[in-house]
Amino acid sequence: MTIGGLARTAGVGVETVRFYQRRGLLNEPSRAGGVRRYGPADVARLRFIRAAAGAGFTLAQIAELLKLDAGEDRGRAQELARDRIAAIDMQMARLAEARAALAGLAARCAAGEGDGCPILTAFET
């Protein structure tokens, strides 16, 4: 398939494919008849890159994971995953605190206590 077909199949834009190629995450195949052709392995790799990015891995970490896959260093891959899980857990805790604070402000606003809505004044500094 062409780069456009690869992009459509993986659910990204052509510029995203090119960006990952420039970063060395996705191979740029040689031209066959003037056109670069991509296959199912390229689709799988691109989908992995997108999923890993969605999980919060940096591009450098994704590059390392791709390299680890070739060498099957499962210990390092597990370490990267555990580190990412810890970061997600911390982010979830911060979000839970923010949610609780906003829920409290919304309840106070609905109760009509005080002057004005506490949600709006909470962000004034």
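Rounding to the nearest 0.5 Å places CG of D89 at 13.5 Å from CZ of R82.
Every residue meeting the side chain to side chain donor-acceptor pair (under 3.5 Å) condition with E28, not counting sequence neighbours, appears here in chain and number order: R36. Among residues two or more places apart in sequence or in another chain, the side-chain contact (heavy atoms from CB on, under 4.5 Å) test is passed with A77 by L65, L68. Residues that satisfy the side chain to side chain donor-acceptor pair (under 3.5 Å) test with R76, not counting sequence neighbours, are E64, E79. Checked against side-chain contact (heavy atoms from CB on, under 4.5 Å), R37 has the following partners two or more places apart in sequence or in another chain: T2, V35. For T58, the side chain to side chain donor-acceptor pair (under 3.5 Å) test picks out Q61, with sequence neighbours left out.
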Show me the donor-acceptor pairs within less than 3.5 Å that the side chains of residues 19-26 make with the rest of the protein, sequence neighbours left out.
residue	atom	partner	partner atom	Å
Y20	OH	R50	NH1	3.2
Q21	NE2	N27	O	3.4
Q21	NE2	Y38	OH	2.7

Under 3.5 Å donor-acceptor pairs involving side-chain atoms of residues 92-104, not counting sequence neighbours:
none

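A donor-acceptor pair is defined here as one N or O able to donate and one able to accept, closer than 3.5 Å; no such pair exists between the side chain of D83 and the backbone of L80.
In terms of heavy atoms, G13 sits closest to A7 at C-CB, 3.8 Å. Here the closest heavy-atom approach between residue I62 and residue A52 is recorded as CG1-CB, 3.7 Å.
Residue pairs that meet the side-chain hydrogen bond (donor to acceptor under 3.5 Å, both in side chains) test with at least one member in residues 5-16, sequence neighbours left out, are E15-R18.
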